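Worksheet: the structure to be examined is printed underneath.
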Amino acid sequence: MSVTPLRRDQWWPLALVLVGVATALILVALDAFRRGAVVLGASVLLAAFLRLLLPEDQAGWLAVRSRRVDVAILGVLGLAITIFAFIVPAPN
């Protein structure tokens with residue numbers, strides 16, 4: 001199994017999502033759990049949105065399976081993370 005290297009026009013969707021994930025992790029590390037979880041959920045929803053809109057050859061490594069499966073999994077996961085961020089009670 002080999003990984004195909006990305007062309008110059010394919011790296012930015014994944015990089016954009018990873019910047020959001022890194023920001024979320026930094027927020028959680030700085031004791032802002034809810035904000036970090038919402039940013040993480042938004043980053044996953046951004047990945048779903050980009051996967052939905054970008055053609056196969058520009059989606060880069062966001063294209064793992066078929067478009068429908070990728071968008072469905074990322075959308076459900078992003079919504080679940082965002083909803084759980086608001087359901088979890090704040091610490092006392």
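None of the values given here were measured: they were computed from a predicted structure.
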Cluster question for you: counting only ILVMFWY and a side-chain heavy-atom cut-off of under 4.5 Å, with indirect links fine, are [X] and [Y] together?
{"X": "L54", "Y": "W11", "value": "yes"}
{"X": "V69", "Y": "V64", "value": "no"}
{"X": "I83", "Y": "F33", "value": "no"}

Can you check whether [X] reaches [Y] side chain to side chain, under 4.5 Å on heavy atoms?
{"X": "L74", "Y": "F49", "result": "no"}
{"X": "R51", "Y": "E56", "result": "yes"}
{"X": "L50", "Y": "W12", "result": "yes"}
{"X": "L62", "Y": "D70", "result": "no"}

* **Worked check of side-chain contact (heavy atoms from CB on, under 4.5 Å) between F84 and I87** => CA-CA 5 Å; F84 288 144; I87 290 176; 4.2 Å; yes
* CG on L25 to CG on L40, rounded to 0.5 Å -> 7.0 Å
* Structure fact -> Checking I73, L77, V76, V39 against V44 for side chain to side chain contact (heavy atoms under 4.5 Å, CB included), the one that qualifies is L77
* Structure fact -> Looking only at heavy atoms, the pair that brings G36 and A24 closest together is O-CB, 3.2 Å
* Taking every non-hydrogen atom, the tightest pair across A85 and A37 -> CB-CB, 3.5 Å
* So with a 6.0 Å cut-off around CG of D31, is the heavy-atom count from everything else above 12? -> no
* Asked: Between R34 and V88, is there a donor-acceptor pair closer than 3.5 Å when you use the side chain of the first and the backbone of the second?
  -> yes
* Counting only N and O atoms by type, is there a donor-acceptor contact under 3.5 Å from the side chain of R67 to the main-chain atoms of L52? -> yes
* To do: Might you work through the side-chain contact (heavy atoms from CB on, under 4.5 Å) test for F86 and V38, ending with a clear yes or no?
  => CA-CA 8 Å; F86 290 110; V38 170; 3.7 Å; yes
